[in-house]
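To keep things clear, I will list the structure first and then write my remarks on it.
Per chain, numbering begins at 1; letters A, B, ... match sequence-line order.
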Number of protein chains: 2
Amino acid sequence: MNLKQLSEQLGLSQTTVSRALNGYPEVSEKTRERVRQAALDFNYKPNTRARSLATGRAMAIGHVIPVSTQQEMVNPIFGDFVTGAGEVYSEHGYDMMLSLVPDSDEESFYRDLKIKGNVDGIVVHSPSMDDTRIALLNELQLPYVVHGRASAIEAPYSWVDVANVRAFEALTGHLTGLGHRRIALFNGIESLDFAHRRRTGFLNALTEAGLEADPELMLSWDMTESYGFDEASRMLARSEPPTAFAVSSLITALGVRRAVEQARLTVGRDVSVATFDDDLSYLRNGTPEAPVFSGVRSSVREAGRRVGAILLSQISTPGAPPASEMIPFELVVGTTSGPARI
Amino acid sequence: MNLKQLSEQLGLSQTTVSRALNGYPEVSEKTRERVRQAALDFNYKPNTRARSLATGRAMAIGHVIPVSTQQEMVNPIFGDFVTGAGEVYSEHGYDMMLSLVPDSDEESFYRDLKIKGNVDGIVVHSPSMDDTRIALLNELQLPYVVHGRASAIEAPYSWVDVANVRAFEALTGHLTGLGHRRIALFNGIESLDFAHRRRTGFLNALTEAGLEADPELMLSWDMTESYGFDEASRMLARSEPPTAFAVSSLITALGVRRAVEQARLTVGRDVSVATFDDDLSYLRNGTPEAPVFSGVRSSVREAGRRVGAILLSQISTPGAPPASEMIPFELVVGTTSGPARI
DNA sequence: CGGCCTTGCCAAAGCGCTTTGGTAGCGCTA
DNA sequence: TAGCGCTACCAAAGCGCTTTGGCAAGGCCG
């Protein structure tokens with residue numbers, strides 16, 4: 001059933017039917033109700049593509065996931081983030097388009113997305129410090145929101161981020177407050193902005209505590225479980241092993257814990273572990289009342305929601321200035337941290 | 001730059017330009033080359049929505065993720081699966097549309113998807129044993145492929161699945177072969193087909209080994225890490241604890257291992273753990289040469305690729321009979337399993 | 001009662017593409 | 001030289017919707 005057929009059924013023009021369904025005022029309430037009922041009866045829904053063509057709005061948001069050609073890892077936060085954003089989209093009748101793009105031809109991909117007109121806005125994932133996509137999207141006049149920030153970019157742009165510096169100050173401060181002096185950092189890839197900021201927060205906290213950073217204890221890599229295990233095992237075998245670990249991902253922290261336990265040490269007593277926790281649905285950090293890992297927690301699903309909301313508002317008010325928002329985090333004290341034993 | 005403008009630039013009709021770019025034969029090679037070059041120069045790309053409207057093909061695949069209203073978990077395999085499927089889509093010029101749908105109004109959502117015409121086919125995720133979506137999609141004449149199967153459905157339909165029964169026969173057989181007689185099953189939610197099949201495989205292997213299943217050792221739940229930890233801790237505190245665990249997800253297996261270690265037991269010596277491993281990119285099971293967990297491995301990313309490929313072929317040959325494919329699995333022996341003591 | 005708003009509807013254009021149904025021009029054959 | 005079949009192009013219709021620019025009919029005013 002399309003608009004033409006429906007209007008013939010009703011003995012009305014397509015114009016009137018369209019206006020009735022879209023809530024325009026030039027239709028009597030009686031007619032509107034009749035149209036509405038008929039649409040329901042015949043299960044009429046306007047064809048998305050035709051409507052998009054006519055209105056110029058795609059009613060879809062693009063999520064572009066850069067797929068690095070070397071490291072093939074899919075970001076584990078992805079599912080939860082997208083779920084949060086998707087909630088907002090469907091409330092507003094938007095669809096979500098997912099694209100996995102080899103980072104080699106990313107630029108032309110964004111260009112094409114604009115030209116081919118299949119999205120009204122896009123979400124920028126995993127920004128690096130001087131991410132070139134931001135300038136490109138400004139140039140393209142395609143609304144966007146960055147999940148995270150790009151510290152090296154001066155120009156204003158829309159973003160949603162967690163206060164990574166302060167989060168890692170808090171996380172690391174928790175460890176120094178317990179008396180730890182040799183603290184290892186297991187960070188993500190530091191060309192990515194979030195990891196760079198976390199490193200900064202880590203270093204700030206060390207300085208604050210009058211400690212010096214040991215480059216050999218500071219690691220940066222894809223945050224897998226085995227990364228945590230392998231590197232922590234190596235560190236624990238040193239002559240002067242760290243007494244605490246600041247970790248950037250709960251998954252990696254699981255690996256670190258495994259290494260500690262395999263070394264016949266007890267987490268929270270012999271060695272402390274504090275981690276950033278994205279509050280992933282399939283990887284809860286204990287229960288809200290009884291967290292297992294100490295560290296900081298911030299919901300990436302909530303971040304997704306906020307990104308979605310801001311992007312939609314940017315789209316609905318073109319020319320609006322960039323908007324940004326901080327997602328809160330909280331310090332969580334579980335059982336994996338304890339006083340340093342010299 | 002749209003088709004009209006491009007054709008005016010070239011002094012050709014829109015027809016000829018369109019045909020030239022789409023590879024139709026009624027265009028001289030010379031003209032075709034000229035058009036091609038101009039399209040490149042002006043960076044012309046046909047508008048997706050207009051093209052879709054004209055051709056009737058959306059050039060998009062829908063992935064519908066049921067979001068249960070109670071259990072809010074996002075399936076952790078989701079990212080890797082979608083990456084696999086996405087690879088195939090982009091090779092063929094298809095886009096991927098993601099929809100998160102509350103399972104309450106799922107049926108009407110599929111209906112609308114068809115009517116609104118924004119996808120050419122869909123991927124059915126997380127099928128239950130008698131999944132009603134299959135009949136619905138047949139009725140709607142919307143091409144689809146199920147990731148997994150629906151055992152209770154007789155009618156043929158397209159699917160891609162791993163041999164879950166045989167996988168769990170192998171996994172459990174590995175444990176019985178090591179002499180274990182009290183084996184716990186940590187399964188997913190058994191209204192979902194894959195979990196039901198795994199349970200069947202588990203029971204088959206027990207029978208094969210002349211063992212009887214103990215209902216108290218067979219669990220079914222969302223496969224989180226804490227589920228593994230909490231329930232394994234409880235089991236290990238029993239008077240007659242299991243000596244081995246058959247686990248349906250690597251994430252849950254991490255929790256089980258944690259429980260074992262917290263009970264001051266050694267995994268692979270005091271207690272064996274074997275798990276199904278989806279080969280997630282952020283959660284590799286050790287290295288290919290040196291796996292950590294024993295169990296069976298099957299790449300969910302490869303499953304995504306195969307689902308994508310089959311769906312696209314179903315779309316391109318309408319009326320083709322349903323197709324299906326088994327994704328292989330392999331038995332992996334790591335360090336978490338060893339001979340039963342006693 | 002003529003003129004002027006409002007109200008409630010409609011015809012038709014247009015979004016940017018594909019595709020149908022041509023036709024002009026050319027070389028060839030009978 | 002008329003007729004035929006190609007080749008290489010074009011004009012226009014159509015996909016299903018929204019939106020512009022009307023226009024009758026009725027109510028109200030002076």
- Item | Pairwise 5' ranking along DNA chain D for B/Ser28 and A/Arg51, keeping only the more 5' one | B/Ser28

- Using the closest heavy atom to pick a nucleotide of DNA chain D for each, name whichever of A/Gln14 or B/Gly11 lands nearer the 5' end.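 It is B/Gly11 whose nearest nucleotide is closer to the 5' end.
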
- Once you round to the nearest 0.5 Å, how far does OH of A/Tyr144 lie from CG of A/Leu311? 11.0 Å

Quick one, [X] and [Y] - any side-chain contact, counting heavy atoms below 4.5 Å?
X	Y	value
B/Asp80	B/Asp278	no
B/Thr132	B/Glu107	no
A/Leu142	A/Tyr110	no
A/Glu87	B/Leu100	no
B/Phe78	B/Leu98	yes

- Item | Residue met sooner reading DNA chain C from 5', once B/Thr16 and A/Pro25 are mapped to nucleotides |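 First, find each residue's nearest nucleotide; the 5'-ward one identifies A/Pro25.
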
- Message: Here's a test of your reading of the structure: between B/Pro46 and B/Glu26, which maps to the more 5' nucleotide of DNA chain C?
- Response: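 Mapping each residue to its closest nucleotide by heavy atoms, the 5'-most match is B/Pro46.
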
- Per-helix bend value, the helix from C/dC1-D/dG30 to C/dA30-D/dT1, C1' rotation axes over five pairs per end, 10° rounding, shows 70°

- Which nucleotide of DNA chain D is the first, and which the last, in the 5' to 3' direction, to come under 4.0 Å of a heavy atom belonging to chain B?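 Listing 5' to 3', DNA chain D meets chain B from D/dA8 to D/dG16.
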
- Interatomic distance, A/Leu12 CG vs C/dA11 P [rounded to whole Å]: 11 Å

Taking any heavy-atom pair under 4.0 Å as a contact, classify [X]: base, sugar-phosphate, or nothing.
X	answer
A/Thr15	base
B/Arg49	nothing
B/Ser52	nothing

- Run through B/Pro322, B/Pro127, B/Ser324 and flag the one making a side chain to side chain contact (heavy atoms under 4.5 Å, CB included) with B/Val146.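 It is B/Pro127, the one option of B/Pro322, B/Pro127, B/Ser324 that forms the side chain to side chain contact (heavy atoms under 4.5 Å, CB included) with B/Val146.
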
- Task: May I ask you to decide if A/His125's main-chain N or O and A/Arg133's side chain share a donor-acceptor pair within less than 3.5 Å?
- Result: yes

- Query: Looking at A/Arg36 and A/Glu29, does any basic side-chain N land under 4.0 Å from a carboxylate oxygen?
  - Reply: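 Between A/Glu29 and A/Arg36 there is no salt bridge, as every charged N stays at least 4.0 Å from the carboxylate O atoms.
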
